[in-house]
Structure formats: structure tokens, C-alpha cells
4 protein chains.
Amino acid sequence: MIEFRIDRHSGVSTYLQIAAQVKQAMRMGLLGPGDKLPTAREVVEATRVNPNTVLKAYRELEHEGLVEGRRGMGTFVTASLATDAARADAPLRQDLEQWMDRAVDEGLSADEVDAIYTDVRSTHY
Amino acid sequence: MIEFRIDRHSGVSTYLQIAAQVKQAMRMGLLGPGDKLPTAREVVEATRVNPNTVLKAYRELEHEGLVEGRRGMGTFVTASLATDAARADAPLRQDLEQWMDRAVDEGLSADEVDAIYTDVRSTHY
Amino acid sequence: MIEFRIDRHSGVSTYLQIAAQVKQAMRMGLLGPGDKLPTAREVVEATRVNPNTVLKAYRELEHEGLVEGRRGMGTFVTASLATDAARADAPLRQDLEQWMDRAVDEGLSADEVDAIYTDVRSTHY
Amino acid sequence: MIEFRIDRHSGVSTYLQIAAQVKQAMRMGLLGPGDKLPTAREVVEATRVNPNTVLKAYRELEHEGLVEGRRGMGTFVTASLATDAARADAPLRQDLEQWMDRAVDEGLSADEVDAIYTDVRSTHY
DNA sequence: GTGGTCTAGACCACA
DNA sequence: GTGGTCTAGACCACA
């Protein structure tokens, strides 16, 4: 079952963080068609977020055609965002793992790694 | 002179986007101690953001000890975040460039690359 | 509940006055961890200050790690600045009370007392 | 000759800080009728403040009838704010010196001493 | 001209 | 209802 991590100081609203994490899990293949999202109550217990906020995130995902709420049953994933490239054994992914290993070895902070990634990305996309 | 790119649909508030872009430029070594940030007026002309929003971003940076506002003169960078690892000719950075080249060649979308990066990063930091 | 007294002729900006008074109350032990600050709305009613100015003061305090704003709930003290030396029954404090009694008896004005205090303080800190 | 100490982070405008320090010196008897204030040029050299700011402070003091600008000669004190109570050998002052000695001995910070002073003062004036 | 503060008012996120 | 952000516009301090 997916667990949400809310960063209240990130500047991104809570409901968007929840929606983004669902999509991220879908891209990673951790969530696929038919899978059930945690109920608002479960999320509230785990994250101390207001149930309305969870429901707003799920409504957002439903609006994008990714999930479907079924009365009295819960919210279910209806689409797939998984790609081969994201699979754990995909060569491209494994190479990035190695690159990140080296970054850690060389003592780079998360901020520095993000800065380099952001900059390199901006020249490619 | 640094130019800000505001994405009004990112879910991140404008002032945080401005502050983050200044920090990113500082990490890349594009902005260093003594450099002048664009005036609120200049940013307004370029981005159609309200001057107060720019000043809020600059005050945020001043709080973090990165810049200093001087009345009647402008806002100036007072610290350095530049690291060797971020330099264009750093091996680690060049390797990430190559990795990103391959991702583009294999037809991955920006979203997919971000998803892989986010996931790999979360296992290292 | 703390009540703010704004002196518009002091030359100190309103938001700094509010922040300083919160800190003063925290040092005196009148406000401690878990205590709720008045809402922006309440302060507006009591002082005729703009709500944004109150929020700016609270954000300043949040920056300093002294309070925490919780959406929809209010702003709460998260730290303690109280010291034994400031307690009403602390010997040092009681001696200053007696000193001040004598200053009043001898007919010194508030300005004169402040002048002496400022001068003596400058030779000790 | 009086030397000004400008604290750019105090929230009090520079010209008010200068005016206040002149008045403080007058109360302490360090400046009396006939004494000459430093020229704007001298203050600029010592404090890196703009000459207009110094002149504004002096104009403020002239407005209060405390000093007088004489064309081509400088600015001179024309009044006395000195009081016996502020003299270095005044008993009341000496007692405050002793009190402050003890505060320092007991390890109180400047902030804590200020907090106690502010609170005690508020009950007497 | 440039930053700093304040106001009034709007809209949003969250409880 | 409560805080967070943004806008438009005013006025001030400072250079």
C-alpha cells in the first residue's frame, strides 16, 4: 500500500503532493489498473492531514482519468503509466543508480545533486 | 543577468520559484558574491509579477544569509554556493549529460526521466 | 491572551513591534510552547493594523523557529525563551524593581531612566 | 567627538538612530551648549552613511530646538539635557552599575537584561 | 531610482 | 474560520 510523505515546507500544496506521489508510483509500476488507493481515513491516520485534502487529491486524479472512486468501496487505479524504462532492471535506470552511487561517494549533498540534475535537464528538455 | 521563468501552474508559489532560481544560479556559479540581482522593477518588466512578490523572494534569500538588500542601490549576492561538482567540466556532471543524451535518444519523455530520477534519488538521500 | 500595543511614532515598523512583543512575552514566561497567538483577525480588531502586517510579524517569528502557523487552526508557540532570571520572584529582578522605585521617588522621567540604562548597558554588553 | 553606531538591522531608520544618539549624549552631559557636532562629511567617513541622511538627522534635532546649524561653520548644540541623576558619580547610577555587574556575573544575556528592564519599566512609567 | 513597509482586497488551501 | 499568497498602489528611507 502506498504511503504518502507530506513535506509541509516544500511550498507545494498538500493535495498536489498526494496526487503527484500517486502518479509517481504509477510510473514506477508500483500502482497499476485495479489497485486500490488507501482510504481517506487511512491517509489521515498516517499523515495527520485533513480528510478533505485527501479527497481533493483523489478528485484531481479522477479528473485526469487515472483513478475512479467507487461508492462504498474505495478509489481504484484505472490506467497505467508504467514504462519499461522505469523498471528496476532497465539498463538506463541502473546506470543512473550507479551515477547516484558515485555522487554519494564523492560527498555531494542532495541539494547539489538536484542542482546538477536540474541544470542538465534544462539543456535536454 | 539572471532571468526568471515563472510557471504559474506548478503549484509552487511565485516567490519560492524566484528564490529557488537564484539559489540554482548560485550553485551553478552563475551568481556569486558581489553580483547584483535584477531590481524588482526589472523583474516586473520581464515576468509580469508584482514587485512585492519579487521583494518577498529577495527577503527570503536575505533571511537565509545569501543576499543583502541595500536601499537605493539594489540587492546583492553575499555568499557562494558554487561547487566544483557543478562546473561544466566536472566528470560527474559530464556523465550525467551523457546519461541524459541516451534518455533522449531512447525517446523518454521529461516526465519519465523525472520519475526515474525521483525514485533513484529517494533511495540514496 | 497577549495584547499588542503599537506605537506608530516610535520609528520601528509595526511588524517588528508585534514580533518583539511576542518575544518579550515569551521571555517573561507569559507565552510558552503550545500557546496560541491571537489570530490576525483578533489583532486587527484590537489594534487597527492590517492583517497582512500581523501575518508578516508571525512569519518573522516562524523564520526564527519560535512559532508555527497551522492552516485553519492558528499560530502556535513552539519554543521557550523563559528564564528563571525573569521570574517575578527572582532576586535580580526584585532588586531592579527597588531601583526603579527609587528612580520614580527621585522624580526621574522615563526618558532619563532610559538614558541611564542605555549608557550603563553599553559599558557591560 | 561623538561617534555614531548604526545598526542596519534594528528596524529603526538611520537618521532616527543618529538623532537619538545625539540626544543620549546630551543627556549624559557628553554634549552641551556650544559643542560642535561632527560634519556630515566626517560622519560619512566613519559610518558609510549617505550625507543626506546625516543632514536629515541634524534638521530633526534643529526642529526640536536642540541644535543650530551655522552656515559654513557646522552644527552646534544649543540646549542642555544633562541631569545630575545621569552623572557618573550619581548614587542611583552607581547602583544600576552594580546591578548590571551582577546580571553579567550571573550569565544573563543582553536580551534577557533588556527583557527584565522593559518589563519592570512598564510597571513604573 | 531602489528597496522597505503598509494597506485594502482578492482568492486559495486547509480544518 | 484561519493562515498563505498575490496584486495594486501608496508613502517613506536612502543613495
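Computed from heavy atoms alone, side chains included, the values below leave out hydrogens, waters and symmetry copies. Numbers restart at 1 for each chain; the letters A, B, ... are given by sequence-line order, proteins then strands.
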What's the spacing between [X] [atom1] and [Y] [atom2] if we round to 0.5 Å?
X        : Y        : atom1 : atom2 : answer
D:Thr14  : D:Asn52  : OG1   : CG    : 12.0 Å
C:Thr118 : D:Gln21  : OG1   : CD    : 10.5 Å
B:Gln24  : A:Ser122 : CD    : OG    : 7.5 Å
B:Thr53  : B:Arg48  : OG1   : CZ    : 14.0 Å

Measure from the side-chain N and O atoms of [X] to the backbone N and O of [Y], and report whether any donor-acceptor pair falls under 3.5 Å.
X        : Y        : value
A:Glu62  : A:Gly69  : yes
C:Thr78  : C:Leu66  : yes
C:Glu112 : C:Ser109 : yes
D:Thr47  : D:Val43  : yes
B:Asp119 : B:Ile116 : no
B:Gln17  : B:Val12  : yes

> In degrees, rounded to 10°, what is the bend between the two ends of the helix from E:dG1-F:dC14 to E:dC14-F:dG1, using five pairs at each?
Replying inline: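 End-to-end axis angle: 20°.
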> 5'-most contact on DNA chain F: B:Tyr15 or C:Glu42, nearest heavy atom basis?
Replying inline: C:Glu42
>> For DNA chain E, which residues of residues 72-80 of chain B approach it to below 4.0 angstrom with any heavy atom?
In response: B:Gly72, B:Gly74, B:Thr75
> Got a sec? Which of residues 44-64 of chain B come in under 4.0 Å of DNA chain F, heavy atoms?
Replying inline: B:Val49, B:Asn50, B:Asn52, B:Thr53, B:Lys56
>> I need the residues from residues 31-41 of chain C with at least one non-hydrogen atom less than 4.0 Å from DNA chain F; give them sorted by number, or say none.
In response: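 Hits under 4.0 Å, by residue number: C:Thr39, C:Ala40, C:Arg41.
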>> Let's go through C:Thr75 and C:Glu68 carefully: what are the C-alpha distance in whole Å and the side-chain angles of both, what is the deciding distance for side-chain hydrogen bond (donor to acceptor under 3.5 Å, both in side chains) to 0.1 Å, and is it a yes or a no?
In response: CA-CA 6 Å; C:Thr75 303; C:Glu68 188 182 60; over 6 Å; no
>> Can you give me the first and the last nucleotide of DNA chain E (5' to 3') that has an atom within less than 4.0 angstrom of a non-hydrogen atom in chain A?
In response: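 Answer, 5' to 3': E:dA13 to E:dA15.
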>> Quick check: on DNA chain E, is the nucleotide nearest A:Leu16 upstream (toward 5') of the one nearest C:Arg8, or the reverse? Name the residue that is more 5'.
In response: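 Residue closer to the 5' terminus by nearest nucleotide: C:Arg8.
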>> Under 4.0 Å between a side-chain nitrogen and a carboxylate oxygen: does that hold for C:Asp114 and D:Arg121?
In response: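 Result for this pair is yes, salt bridge flagged.
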>> Could you report the tightest heavy-atom contact between B:Ala86 and B:Met28, atom names first, then the distance?
In response: CB-CE, 3.9 Å
> Can you name the residues that form a salt bridge (Lys or Arg N to Asp or Glu O under 4.0 Å) with D:Glu42, not counting sequence neighbours?
Replying inline: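 For D:Glu42 there are no salt bridge (Lys or Arg N to Asp or Glu O under 4.0 Å) partners, ignoring immediate neighbours.
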>> Looking at C:Met1, I want to see if its CE is surrounded by more than 12 non-hydrogen atoms of other residues, nucleotides or ligands under 6.0 Å.
In response: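 Above 12, so yes.
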